[in-house]
Amino acid sequence: MFTLKDYIVPESIEEASQLLNQNRNNVILGGLLWLKMGNKNYNKGIDLSKLGLNTIIENESSIEIGCMVTLRQIEISKVLNTYFNSLLVKSVKNIVGVQFRNCATVGGSVYSRFGFSDLLTALLALDTHVHLFHGGVIPLEEFINMTYKKDILIKIIINKDTRKASYQSHRKSATDLPVLAVAISRYNSHWKISIGARPNKAMIALKSSELLSHRPDQIESACNQAVSEMKFGTNIRGSAEYRRELAKVLIRRGVEEICR
Ligand SMILES: Cc1cc2nc3c(=O)[nH]c(=O)nc-3n(C[C@H](O)[C@H](O)[C@H](O)COP(=O)(O)OP(=O)(O)OC[C@H]3O[C@@H](n4cnc5c(N)ncnc54)[C@H](O)[C@@H]3O)c2cc1C
């Protein structure tokens, strides 16, 4: 279990940022589910729960998800159940259990950029930006590959387009981490194939997405292209070879679901 010397609930995001940068051992607290797996001794724990960042807001052209929104809020959100064939809802509903999802936050999930992240894989298939206190608003794709800098993730912004989407994942048992996760979307004729838990971080299969955008009937070629343009690795959940085969199956299922 980790320890904190002090626990602070700032009144403003500016104060939170100031506190974060005061000492390299100060830390932002999300739902604590990941932090408590470690045994680090932190100085100050900064709790953002008084800053009103726990809402999902639908605007005219976007959906904004605050960093303190829980995975459970995503799962039961009317807005997120309306758009993108419930892509985000489907991506979180296999994560551990309801009590866990009641605590785990969007901020902790996205800022950590875990290779196995279901949510990141899904968000990447949409037109998503992250809003960082210092870093400003940047595309998620850029954020995923940035080096880790101390900053506060304020919210996620998703462009509200008419995209159709599908989420596919494979787990060895119901509550385990995914062996592989695939999120696919089609906006007009433009396809996006995002593959996560490879076991590395989610990435867009660019050439495969482009191939499908020009030749939507070429599903098999798109599957083969995706596994040849991306690196797959081996860990306790599966071998690289297994993941490559799995990717072809999950991509095909996703594309077929969207075309149905
Ligand atoms: C046992 C277990 C099983 C899991 N299984 C899955 C799974 O199957 N699929 C999946 O996708 N995920 C899984 N996860 C990950 C989980 O869904 C969360 O992503 C994870 O717990 C982090 O969220 P949190 O709110 O608990 O963050 P915390 O543990 O509180 O924080 C994690 C990190 O993020 C930082 N942080 C938090 N909020 C912010 C912010 N707003 N700005 C900047 N930094 C911030 C913290 O400082 C810390 O470094 C699992 C986690 C655990 C512990």
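A quick note: this is a predicted structure, and the numbers were derived from the prediction, not measured. Start at 1 and go down the list; that is how both ligands and their atoms are numbered.
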### Query
Regarding Arg163 and the six-membered ring of Tyr83, is the cationic atom NZ or CZ under 6.0 Å from the ring centre and inside 45° of its axis?
no
### Query
What protein heavy atom sits nearest atom 34 (O) of ligand 1, and how far off is it?
Ser112 OG, 3.4 Å
### Query
What do you reckon, does Leu120 put a non-hydrogen atom under 4.0 Å from ligand 1?
no
### Task
Answer with yes or no whether Arg171 contacts ligand 1, where contact means a heavy atom under 4.0 Å from a ligand atom.
yes
### Numbered atoms of ligand 1 (with element) below 4.0 Å of Asp151, judged on heavy atoms
43 (C)
### Task
State the atoms of ligand 1, each with its element, that fall below the 4.0 Å cut-off from a heavy-atom position in Ala104.
25 (O)
### Query
Between Tyr167 and Asp118, does a side-chain hydrogen bond (donor to acceptor under 3.5 Å, both in side chains) hold up when you go through it step by step?
CA-CA 9 Å; Tyr167 191 75; Asp118 289 285; 2.6 Å; yes
### Summary
For atom 28 (P) of ligand 1, the closest protein heavy atom turns out to be Leu32 N, 3.6 Å
### Task
Give the single entry among Leu71, Leu20, Asp118 that approaches atom 9 (N) of ligand 1 most closely by any heavy atom.
Asp118
### Task
Run down the list Cys103, Ser17, Gly108, Ala174 and name the one with the heavy atom closest to atom 22 (C) of ligand 1.
Gly108
#### Entry: Nearest non-hydrogen protein atom, atom 41 (N) of ligand 1
Leu153 O, 3.0 Å
### atom 18 (C) of ligand 1: nearest protein contact (heavy atom, Å)
Ser109 OG, 3.4 Å
### Task
Using distance alone, with no hydrogens and no angle criterion, decide if Ser169 and Arg171 have a side-chain donor and acceptor under 3.5 Å apart.
yes
### Query
For ligand 1, which atoms have a heavy atom of Val27 less than 4.0 angstrom away?
47 (O)
### Query
Would you say Ile157 and Phe84 are hydrophobically clustered, going by side-chain heavy atoms of ILVMFWY under 4.5 Å?
no
### Message
Rounded at 0.5 Å granularity, tell me how far CG in Leu153 sits from CZ in Arg113.
### Response
8.5 Å
### Query
Is Asn94 touching ligand 1 with its side chain, its backbone, both, or neither, if touching means heavy atoms under 4.0 Å apart?
neither
### Where ligand 1 meets Gly31 - atom numbers and elements under 4.0 angstrom, heavy-atom basis
24 (P), 25 (O), 26 (O), 27 (O), 30 (O)
### Message
Can a side-chain donor-acceptor contact be found between Glu15 and Ser17 if the only test is distance below 3.5 angstrom?
### Response
no
### Query
Does Glu210 pair with Lys207 as a salt bridge, N-O distance under 4.0 Å?
no
### Task
Assess the pair Trp34 and Phe116: is the distance between their ring centroids shorter than 6.0 Å?
yes
### Query
What's the shortest distance from atom 35 (C) of ligand 1 to any protein heavy atom, and which residue and atom give it?
Ile28 O, 4.2 Å
### Query
What protein heavy atom sits nearest atom 14 (N) of ligand 1, and how far away is it?
Phe116 CE1, 3.7 Å
### Query
Cut-off 3.5 Å, side chains only: do Lys90 and Gln168 have a donor facing an acceptor?
no
### Query
How about Leu71 and Glu75: do any of their side-chain heavy atoms sit closer than 4.5 Å?
no
### Message
Residue-level breakdown please: for Trp34 versus ligand 1, do any non-hydrogen atoms fall below 4.0 Å on the side chain, on the backbone, on both, or on neither?
### Response
both
### Query
Mind checking whether Pro178 has an N or O less than 3.5 Å away from an N or O of ligand 1?
no
### Query
Would you say Leu35 and ligand 1 have an N/O pair spaced under 3.5 Å apart?
yes
